[in-house]
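Side-chain atoms are counted along with the backbone in the values below, which use heavy atoms only and exclude waters and symmetry mates.
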Amino acid sequence: LDRCPDICDTTGSVNPVVCECNDSGLNDIRGLHVTEADALAALADCRADFAEGAVGAGRGMRCHGLKGGIGSSSRAVELDGQTYHMGALVLSNHAKFDDLIVAGVPVAQRLEQAAQVPPHEDKGSIITVLATDVPLSERQLGRIARRAIVGLSRTGSYCGNGSGEIVIAFSTGNRISHYPQSDLVPLRAAAENKMDLLFRAAAECVEESVLSSLLHAETVTGRNGLTVRSLADLLHQAKGES
């Protein structure tokens, strides 16, 4: 309302999309500690450079049995001699440690510190946002969103029964005026034979974003004394003992 004075006056309302992951293992979720002031401060602090790991909504996340949270990555693709981008942001709260794969390597089998990760079920979720400046149709965006699961699979996730995988994809490639000057608006879309470039970019972005969320997070102790180790700590410990 502050940024757009014409909302619900001379123009329509805003219909926000809100997603969530359950962090009740670490967080006192019934305490309702996040206030309206916290939400407004977060919106006011939105920028291209942002912290990853156990920050914001990611503070209470657990990914592959380790500390998860916010992760992001991007890829550049060339179409008709112009550089475009595909970016991903995840809120990782899913999968099992025994299944974690990094660059094709099963982590639990390589780390003696694996015993420090308690047994657990795949009962979390992951929110993925894919953003691109490639002009795309709604159907093409849906196809790209489905490729996010490829990225999750590359990290070892099999999308368990207790997990929810939610993907939102959007493009800024077609700008549609809120106050159009004509009855028809031009819309562009990528050629279908170039979609493989975007599928690969989306899968790679999501894979790297999950790993980024794990590597940026630090070990956190939450309610009832529950401590969730970070992958960075386990790797550092393994290096010190080798």
Give the intermediate values and the outcome of side chain to side chain contact (heavy atoms under 4.5 Å, CB included) for residues Val210 and Cys63. CA-CA 8 Å; Val210 171; Cys63 180; 4.0 Å; yes

[X] versus [Y], closest heavy-atom pair with distance:
X      : Y      : result
Ala190 : Gln140 : O-NE2, 2.7 Å
Asp9   : Pro5   : CB-O, 4.1 Å
Ala76  : His85  : CB-CD2, 4.2 Å
Tyr158 : Lys96  : OH-CD, 3.9 Å
Gly69  : Met61  : N-CB, 3.6 Å
Val206 : Ala148 : CG1-O, 3.6 Å

Does [atom1] in [X] sit with more than 12 non-hydrogen atoms of other residues, nucleotides or ligands closer than 6.0 Å?
X      : atom1 : value
Arg139 : CZ    : yes
Asn193 : CG    : yes
Leu1   : CG    : no

Non-neighbouring partners of [X] that pass side-chain contact (heavy atoms from CB on, under 4.5 Å), sequence neighbours left out:
X      : answer
Arg229 : Gln116, Thr219, Asp233, Leu234, Gln237
Arg59  : Ala54, Glu218, Val220
Arg188 : Tyr84, Pro135, Asn174
Val105 : Arg110

Under the salt bridge (charged side-chain N to carboxylate O under 4.0 Å, His left out) rule, what do Arg47 and Asp45 come out as? Steps first, then yes or no, please. CA-CA 6 Å; Arg47 57 183 185 271; Asp45 196 36; 2.5 Å; yes

Quick one: [atom1] on [X] to [atom2] on [Y], what's the gap to the nearest 0.5 Å?
X      : Y      : atom1 : atom2 : answer
Ile127 : Asn93  : CD1   : CG    : 9.0 Å
Thr132 : Ile144 : OG1   : CD1   : 6.5 Å
Ser92  : Lys67  : OG    : NZ    : 7.5 Å
Ser72  : Phe50  : OG    : CZ    : 3.5 Å
Ser24  : Ile29  : OG    : CD1   : 5.5 Å
His94  : Asp122 : NE2   : CG    : 7.5 Å

For Gly160, does its backbone N or O pair with a side-chain atom of Ser163 as donor and acceptor, under 3.5 Å? no

Could you check whether any side-chain N or O of His236 sits under 3.5 Å from a backbone N or O of Ala232, counting only pairs where one atom can act as donor and the other as acceptor? no

Verdict with reasoning, Arg175 to Thr172, per side chain to side chain contact (heavy atoms under 4.5 Å, CB included): CA-CA 6 Å; Arg175 296 302 181 99; Thr172 61; 4.1 Å; yes

Any chance you could lay out the side chain to side chain contact (heavy atoms under 4.5 Å, CB included) test for Leu111 and Leu235, step after step, and finish with the verdict? CA-CA 8 Å; Leu111 287 179; Leu235 293 175; 4.2 Å; yes

With no hydrogens and no angle check, just 3.5 Å: does a side-chain donor-acceptor pair link [X] and [Y]?
X      : Y      : result
His33  : Asp28  : yes
Thr11  : His178 : yes
Ser209 : Glu207 : no

Can [Y] be reached from [X] by stepping across I, L, V, M, F, W or Y side chains whose heavy atoms are under 4.5 Å apart?
X      : Y      : value
Leu231 : Val117 : yes
Ile126 : Ile101 : no
Leu141 : Val134 : yes
Val150 : Leu211 : no
Ile168 : Leu130 : no

Arg30: partners by salt bridge (charged side-chain N to carboxylate O under 4.0 Å, His left out), with sequence neighbours left out: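 Partners of Arg30 under the salt bridge (charged side-chain N to carboxylate O under 4.0 Å, His left out) test: none.
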
Pairwise side-chain contact, [X] with [Y], heavy-atom cut-off 4.5 Å (strictly under):
X      : Y      : result
Leu91  : Thr128 : no
Met195 : Leu136 : yes
Cys8   : Ser13  : yes

Check this for me: does any side-chain nitrogen of one of Glu208 and Arg75 sit under 4.0 Å from a carboxylate oxygen of the other?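 Arg75 and Glu208: salt-bridged.
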
Listing request: all side chain to side chain donor-acceptor pair (under 3.5 Å) pairs with a residue in residues 141-151, at least two apart in sequence or in separate chains.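 Every side chain to side chain donor-acceptor pair (under 3.5 Å) pair that includes a residue of residues 141-151, provided the two are not neighbours, is Arg143-Glu192.
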
Before giving the answer on side chain to side chain contact (heavy atoms under 4.5 Å, CB included), spell out for Asp6 and Tyr179 the whole-Å C-alpha distance, their side-chain angles and the decisive distance to 0.1 Å. CA-CA 12 Å; Asp6 53 349; Tyr179 299 102; 2.5 Å; yes

